[in-house]
Amino acid sequence: MSSSLNGKVVLITGAASGIGRATAIKLSKLGCALALTDIVETDLGETAESCHTEKIITAALDVSNADQSELVLKETVEYFGRLDHIFNCAGINPTPYPLLDLPEGYFDKLVAVNLKGTYNVTKAALPHLKEHAGCSFVNVSSILGLKPSKLQATYCATKYAIIGFSKSMALELGERGIRVNVVAPGFIQTPTNASVVAGPDFVKSAEQSVSLGRLGTAAEIADVVAFLMSDEAKYMNGSVVEINGGLAN
Ligand code: NAI
């Protein structure tokens, strides 16, 4: 399916865990060279060891930090000589709170990482992409970027915003041959998924709301991310792909 990705250089944020790690493994199997980044640099080694390539660099990157984003993007291009795709995956999953009970700093942190992080890395990557038609960004929203959720207003706000940002960037960059697409995962079995954190009863009730009767896996998101980067998706730009096993509402 994705042999067009062979030899391409991909930078992934949030690559130390969950969907970011699974996507690194998938892309390595397709022949990509990888820049794996995360705020938790120590766990990037485990991701790198699981990948099927030696063409890998790892770097500490807090996506909420614009200067760090610029530096890591520059170093990536210096190392590999090019950059083809960016997977903006770093993010903080939701914890349910009534608005008046939000912990101090929670709103600012989610906006800084989930939304401004995507902006920072996109902005830092762009100067390095200008000679490369065929490049793309894949950004991560959520089902909660498409429908409201009680007690998760802050997370919803960031994930709705990612869709607006991505669709607008798709219009701005399309004329240069750079595509911007979005994945909107449903309930995915990762260490910080809200149901997984809350325990087995919550996982069971999440599973019951899914037509396929189970949570998704990070690898099932990675498959779609790889497709969106590949030439098979070369006419997809500004698309939001829902990956949720079938949710009634
Ligand atoms: P995860 O917690 O397994 O992975 C997230 C990674 O992002 C972690 O390695 C973490 O260290 C990193 N990270 C956090 N703050 C960062 C920062 N400031 N700079 C750089 N890296 C940072 O979570 P998961 O589930 O794999 O989430 C990945 C993305 O998918 C997130 O954007 C999340 O909101 C989104 N998502 C997840 C869903 C799920 O059910 N797991 C559903 C819908 C969206």
Side-chain angles (χ1 to χ4, degrees), residues 11-26 35-48 50 58-69 71-73 86-96 105-106 108-121 124 137-147 149 152 154-163 165-166 182-198 202-203 206-207 209-210 214-222 224-225 240-245 247:
L11 180 132
I12 302 175
T13 69
S17 177
I19 295 168
R21 173 176 286 174
T23 303
I25 295 168
K26 171 78 184 183
L36 305 179
T37 72
D38 201 287
I39 194 170
V40 184
E41 197 186 7
T42 44
D43 292 345
L44 285 173
E46 205 179 318
T47 304
S50 309
T58 61
L61 171 58
D62 174 356
V63 295
S64 69
N65 183 320
D67 291 343
Q68 232 180 64
S69 301
L71 185 67
V72 171
L73 266 293
I86 292 90
F87 183 35
N88 276 314
C89 184
I92 297 173
N93 277 316
T95 308
Y106 180 84
D108 289 342
K109 178 139 202 216
L110 256 69
V111 170
V113 177
N114 292 3
L115 177 58
K116 193 155 185 225
T118 299
Y119 159 84
N120 283 338
V121 173
F137 292 86
V138 178
N139 298 334
V140 180
S141 178
S142 165
I143 41 168
L144 301 188
L146 292 162
K147 69 178 183 96
S149 178
Q152 297 182 329
T154 304
Y155 182 79
C156 275
T158 64
K159 294 299 187 179
Y160 270 75
I162 282 176
I163 291 179
F165 176 74
S166 303
V182 178
V183 287
F187 301 117
I188 309 303
Q189 181 91 37
T190 67
T192 62
N193 168 281
S195 307
V196 172
V197 171
F202 287 88
V203 169
E207 287 172 343
S209 66
V210 177
R214 64 173 175 85
L215 268 55
T217 66
E220 287 166 334
I221 307 304
V224 179
V225 175
V240 179
V241 183
E242 297 178 51
I243 316 157
N244 59 34
L247 284 173

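Whatever order the structure lists them in is the order used to number ligands and atoms, beginning at 1.
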For [X] and ligand 1, does the shortest N/O to N/O distance drop below 3.5 Å?
X	answer
Ser142	no
Asn93	yes
Gly186	yes
Ser64	no
Phe187	no

Query raised in the report: If we ignore angles and hydrogens, is there a donor and acceptor under 3.5 Å between the side chains of Ser166 and Asn139?
Result: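 Yes - a donor-acceptor pair under 3.5 Å links their side chains.
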May I ask you to list the atoms of ligand 1 that are less than 4.0 angstrom from any heavy atom of [X]?
X	result
Ser17	1 (P), 3 (O), 4 (O), 8 (C), 9 (O)
Val40	11 (O)
Gly18	3 (O), 26 (O)
Leu61	19 (N), 20 (C)
Pro191	3 (O)
Thr192	1 (P), 2 (O), 23 (O)
Ile19	26 (O), 30 (O), 37 (C)

Among [options], which one puts a heavy atom closest to [atom]?
atom	options	answer
atom 19 (N) of ligand 1	Ile221, Leu144, Val63, Ile243	Val63
atom 22 (C) of ligand 1	Ile188, Ile162, Ile39, Thr37	Ile39
atom 31 (C) of ligand 1	Ala22, Gly20, Cys89, Ala15	Cys89
atom 44 (C) of ligand 1	Gly91, Ala60, Ser141	Ser141

Nearest neighbour in protein (non-hydrogen) for [atom]:
atom	answer
atom 15 (N) of ligand 1	Val113 CG1, 3.7 Å
atom 9 (O) of ligand 1	Asp38 OD2, 2.6 Å
atom 30 (O) of ligand 1	Val140 CG1, 3.4 Å
atom 43 (C) of ligand 1	Pro185 O, 3.4 Å

For ligand 1, is [X] a contact, meaning one of its heavy atoms is under 4.0 Å away?
X	result
Thr13	no
Lys159	yes
Gly117	no

Query raised in the report: Quick one: does Arg21's side chain have a donor or acceptor within less than 3.5 Å of a partner on Ser50's backbone?
Result: no
